[in-house]
Amino acid sequence: MIPIIIAIDGYSSTGKSTLAKSLAKVLGYTYIDTGAMYRAVSLHALREGYLEGEDIDVGSLISDLKSIEISFVLGQESNSVVCLNGQQVESEIRGMEVSNCVSRVSAISEVRCFLVAQQQAMGVKKALVMDGRDIGSVVFPEAELKLFMTASEEIRAQRRYDELLAKGDEVDFEAVKSNIIERDYRDTHREVAPLIQTKDALVLDNSSLTPKEQLDWVLEKVRQITSI
Ligand code: DC
């Protein structure tokens with residue numbers, strides 16, 4: 001089977017990473033969660049004090065980008081875990097503090113250039129499943145398979161809420177839902193690389209699909225592409 005790049009974009013909490021992880025496992029591909037990379041930069045900005053309330057010290061963050069090293073290591077159950085300067089930060093980057101500022105950090109064009117270059121380098125050998133907001137439009141416009149994932153706001157908020165509860169976080173459902181709505185708005189309205197559905201992307205609305213149904217649907221598309 002010829003190796004391909006699978007680009008998965010879509011709204012927050014649509015299950016992109018769940019699908020991407022299973023796809024990568026079945027196909028023996030590398031999986032890269034680009035949202036985790038934006039979250040790691042946001043965590044760095046928070047730790048260094050570049051974020052105060054709604055304000056970001058953009059200049060300091062930009063000039064400090066070169067000191068940020070993002071990598072992935074295999075964690076429990078062979079899941080890839082993001083590291084910030086060699087330290088695993090998976091749990092910190094998923095909390096509400098980072099969720100509340102990541103859309104603003106990811107709207108900074110220098111931050112995007114810094115991360116997009118690293119993401120493109122990861123695709124040189126193909127055999128890659130990458131998820132995010134601009135993978136099919138900016139990072140890999142030539143990807144052989146592009147998916148655009150969506151689901152109703154209520155369902156997405158419930159999924160995210162359950163995830164945070166399972167992690168032991170004390171969260172309020174309405175706060176989780178407004179965070180999702182706000183991130184959708186910022187992600188689709190920002191000037192640089194906004195979330196868009198490219199013309200060649202296949203839409204996957206998974207509001208009422210099980211993970212297995214989604215995986216089977218995509219694997220069929222992969223088979224069609226790779227057997228040409
Ligand atoms: O996929 P996620 O919810 O973990 O992503 C976190 C934020 O990062 C999201 O609000 C938008 C941003 N992001 C982005 O701008 N571009 C990407 N390729 C991935 C994520």
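Just so you know, ligand 1 is whichever comes first in the structure, and atom 1 is the first atom listed for that ligand.
- Of the heavy atoms in R183, only side-chain atoms (C-beta onward) come closer than 4.0 Å to ligand 1.
- The two residues Q158 and F173 make their nearest non-hydrogen contact at OE1-CE1, 3.5 Å.
- Using a 4.0 Å cut-off between charged nitrogen and carboxylate oxygen, E182 and R186 count as a salt-bridge pair.
- Only side-chain heavy atoms of R190 come within less than 4.0 Å of ligand 1; its backbone N, CA, C and O stay farther off.
- Given atom 1 (O) of ligand 1, the protein heavy atom at minimum distance is R133 NH1, 2.9 Å.
- Under a 4.0 Å criterion applied to the non-hydrogen atoms of G132, ligand 1 contributes the atoms 17 (C), 18 (N), 19 (C).
- Considering backbone and side-chain N/O atoms, K16 never comes within less than 3.5 Å of an N/O atom of ligand 1.
- Using 4.0 Å as the threshold, Q119 has no heavy atom nearer than that to any atom of ligand 1.
- Looking at Y31 and D131, their side chains do bring a donor and an acceptor atom within 3.5 Å of each other.
- At a heavy-atom cutoff of 4.0 Å, ligand 1 is contacted by no atom of R186, backbone or side chain.
- Taking every heavy atom of S103 and a limit of under 4.0 angstrom, the matching atoms of ligand 1 come to 10 (O).
- Among protein heavy atoms, atom 20 (C) of ligand 1 sits closest to G35 CA, 3.6 Å.
- For S12 and R133, the side-chain atoms include at least one donor-acceptor pair closer than 3.5 Å.
- Atom CE of M130 and atom OG1 of T30 lie 9.5 Å apart (nearest 0.5 Å).
- Closest to atom 4 (O) of ligand 1 among all protein heavy atoms lies R39 NE, 2.7 Å.
- Regarding atom 12 (C) of ligand 1, its nearest protein heavy-atom neighbour is S106 OG, 3.6 Å.
- Each of L61, N100, I56, D57 was scored for a side chain to side chain contact (heavy atoms under 4.5 Å, CB included) with L51, with one residue passing: I56.
- Annotation: T34 places an N or O atom under 3.5 Å from an N or O atom of ligand 1; distance criterion only.
- Classification of R94 and E90 as a salt-bridged pair holds, one side-chain N sitting under 4.0 Å from a carboxylate O.
- Between the side chains of R39 and S99, a donor-acceptor pair is found at a separation under 3.5 Å.
- Of the candidates D134, V192, L195, the one placing a heavy atom closest to atom 18 (N) of ligand 1 is D134.
- Across every non-hydrogen atom of I135 and I8, the tightest pair is CG1-O, 4.2 Å.
- A distance of 12.5 Å separates CZ in F148 from CG in L202, rounded to the nearest 0.5 Å.
- Considering both main-chain and side-chain atoms, D131 never comes within under 3.5 Å of ligand 1 through any nitrogen or oxygen pair.
- Within the 4.0 Å heavy-atom criterion, the part of R112 lying near ligand 1 is the side chain and not the backbone.
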